[in-house]
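Counting starts at 1 for both ligands and their atoms, in listed order. In what follows, residues are counted from 1 in the order of the sequence shown.
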Amino acid sequence: MDIREELQALSESAPARIAAASTMEELAAAESDITGKKSPVAAARRMLGKIDPDQRREVGILIKRVAVSLQRDIDARRSVLLLAEETADLAADAIDITLPGRGQTVGTHHIIQQVVDEIIDIFVALGFTVARGPEVETSFYNFTALNIPDTHPSRLETDTLYVDYGDDDEGVLLRTHTSPMQARYMEQNDPPVYVVVPGKVFRSDPLDPTHSPVFHQVEGLAVDTDITFGDLKGTLEMFAKQFLGKDTEVKFIPHYFPFTEPSAEMHAYSNGRWLELLGCGMVNPAVFENVGYDPSVVTGFAFGMGVERLAMVRHGVTDLRYLLENDFRVLRQFV
Ligand code: DAH
């Protein structure tokens, strides 16, 4: 084919190829084919020297015209594609400034912590102080100092979570109640004692509507020279009225705990039914002896209550797991 014919063919086919390029990459490939080193335009330029001198000027002008025209098409297409790419990029990171802002929510205490604080406030108002103890305990404080015999089933691994730590002869465990702080507190402080102890406790129980392997208790201990069962009843009745309402009735039902003698459960009448609220009793003289108090001089009462249970009674929660699942629909009700 004659150079002129070839250039003519190129100037007819190339515009469609340029227009069909839909990305910058496709356009670059088309440009290289049309005006690049191996293109017909480049080949024509290389051949110019071999052409008859009388035709050279005419062919030269033709090459230039075709090259300029195609380059203009390519540049025009490039501007179009660039604009499209920029528009797409902008759309991709668009921020809708008309959307309302995300407000900062202010946190609150969890309902369990709120109930702990409320219980503590009631006793602090009566003159009690607050103490805390270790969650990892020795069997001595968790059981032995509290007059719980070696054979008691609560010591078994079916009930108590032991930890592999230290070389305590009797074993190291996650405390099963807050009562060990009775012994620790009395060892460290002379009477009189008026203390409440909030904290986490642990038992080998599966999670179900009324049990959890981790829960909270508040322990109470009052020791003085002439504390009576009447003081216990008056104090705990006062607590029930503060916590559940001033018309709340209570009753004390005999029970057994190794660390108190006599022992009782306090039940409260609330929302049409009797509910067990806590365990209590007069501190067993054996416990006083274990901690170095003289049982001929001091008497005292103690009590322990489960916080989750009280929170459920108080707020009509039917399944303990609702309090533990961190479901906003539940937690939001207690802000
Ligand atoms: N520690 C007992 C429990 O976890 C509760 C309890 C009962 C605590 C009687 C006391 C008490 O201080 O006097 O079931």
Side-chain angles (χ1 to χ4, degrees), residues 116 119-120 123 128-135 137 139-149 152-156 158-161 173-187 193-205 210-224 227-237 239-240 250-268 275-288 290-291 293 295 298-310 320:
V116 167
I119 294 166
I120 285 175
F123 286 101
F128 284 71
T129 57
V130 183
R132 280 164 220 276
E135 292 172 359
E137 257 300 0
S139 288
F140 175 77
Y141 285 108
N142 198 79
F143 298 122
T144 311
L146 297 172
N147 198 38
I148 298 174
H152 197 280
S154 68
R155 291 190 183 238
L156 295 176
T158 46
D159 291 316
T160 297
L161 297 159
L173 46 79
L174 301 183
R175 65 180 176 190
T176 60
H177 51 179
T178 42
S179 304
M181 266 306 279
Q182 290 188 29
R184 286 185 179 274
Y185 195 87
M186 287 191 282
E187 272 186 357
V193 166
Y194 294 90
V195 68
V196 283
V197 182
K200 280 196 178 73
V201 301
F202 307 84
R203 288 183 196 176
S204 184
D205 280 330
T210 52
H211 295 87
S212 161
V214 186
F215 59 103
H216 297 75
Q217 289 188 333
V218 176
E219 190 80 13
L221 177 68
V223 181
D224 213 327
I227 301 258
T228 67
F229 200 83
D231 295 319
L232 176 157
K233 288 176 77 176
T235 305
L236 294 179
E237 179 173 359
F239 162 74
V250 296
K251 65 183 178 186
F252 290 83
I253 294 175
H255 202 78
Y256 174 76
F257 296 105
F259 33 95
T260 44
E261 179 61 31
S263 303
E265 274 179 1
M266 182 173 78
H267 292 227
L275 301 159
E276 179 209 325
L277 283 196
L278 51 80
C280 57
M282 300 305 289
V283 178
N284 193 318
V287 174
F288 284 144
N290 290 340
V291 300
Y293 276 18
V298 292
T299 55
F301 68 79
F303 55 89
M305 57 186 96
V307 176
E308 282 77 358
R309 204 191 135 68
L310 290 180
L320 167 59

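- Residue-to-ligand polar distances place Phe303 within reach of ligand 1: an N/O pair is separated by less than 3.5 Å.
- Shown in contact with Gly281 at under 4.0 Å from a heavy atom are these atoms of ligand 1, numbered in order with element: 13 (O).
- Using a 4.0 Å cut-off to heavy atoms of Gln217, the atoms of ligand 1 that qualify are 3 (C), 4 (O).
- Within ligand 1, the atoms closer than 4.0 Å to a non-hydrogen atom of Thr260 are 13 (O), numbered from 1 in the order shown.
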Does the pair Asp224 and Thr299 meet the rule for a side-chain hydrogen bond (donor to acceptor under 3.5 Å, both in side chains), with working shown?
CA-CA 6 Å; Asp224 213 327; Thr299 55; over 6 Å; no
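- Summary of contacts: the protein heavy atom closest to atom 12 (O) of ligand 1 is Glu219 OE2, 2.6 Å.
- Checking each of Phe215, Phe259, Phe202, Tyr141 against His177 for a ring pair (Phe, Tyr, Trp, His ring centres under 6.0 Å) leaves exactly one that passes, namely Phe259.
- The atoms of ligand 1 that sit less than 4.0 Å from any heavy atom of Gly304 are 6 (C), 8 (C), 10 (C), 12 (O).
- The residues Glu137 and Arg184 are annotated as salt-bridged, a charged nitrogen and a carboxylate oxygen being separated by less than 4.0 angstrom.
- The contact set between ligand 1 and Phe257, taken as ligand atoms under 4.0 Å from a residue heavy atom, comprises 7 (C), 9 (C).
- Classification of the Phe128-Tyr194 ring pair by plane angle, with boundaries at 30° and 60°, yields perpendicular.
- The nearest non-hydrogen atom to atom 14 (O) of ligand 1, considering only Met305, Glu265, Arg203, comes from Arg203.
- Using a 4.0 Å cut-off to heavy atoms of Ser179, the atoms of ligand 1 that qualify are 1 (N), 8 (C).
- Of the heavy atoms in Cys280, only backbone atoms (N, CA, C, O) come closer than 4.0 Å to ligand 1.
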Please evaluate residues Glu219 and Phe303 with respect to the criterion side-chain contact (heavy atoms from CB on, under 4.5 Å), reporting the C-alpha separation (whole Å), side-chain torsions for both, the decisive distance (0.1 Å), and the verdict.
CA-CA 6 Å; Glu219 190 80 13; Phe303 55 89; over 6 Å; no
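- For the side chain to side chain contact (heavy atoms under 4.5 Å, CB included) with Phe123, the lone residue among Thr129, Thr235, Val130 that qualifies is Thr235.
- There is no side-chain donor-acceptor pair under 3.5 Å between Asp159 and Thr176.
- If you look at Phe301 and Phe229, their ring centroids are not closer than 6.0 Å.
- Annotation for ligand 1: atoms under 4.0 Å from non-hydrogen atoms of Ala302 are 12 (O), 13 (O).
- Numbered from 1 in the order shown, with element, the atoms of ligand 1 that lie under 4.0 Å from a heavy atom of Phe259 read 1 (N), 2 (C), 6 (C), 7 (C), 8 (C), 9 (C), 10 (C), 11 (C).
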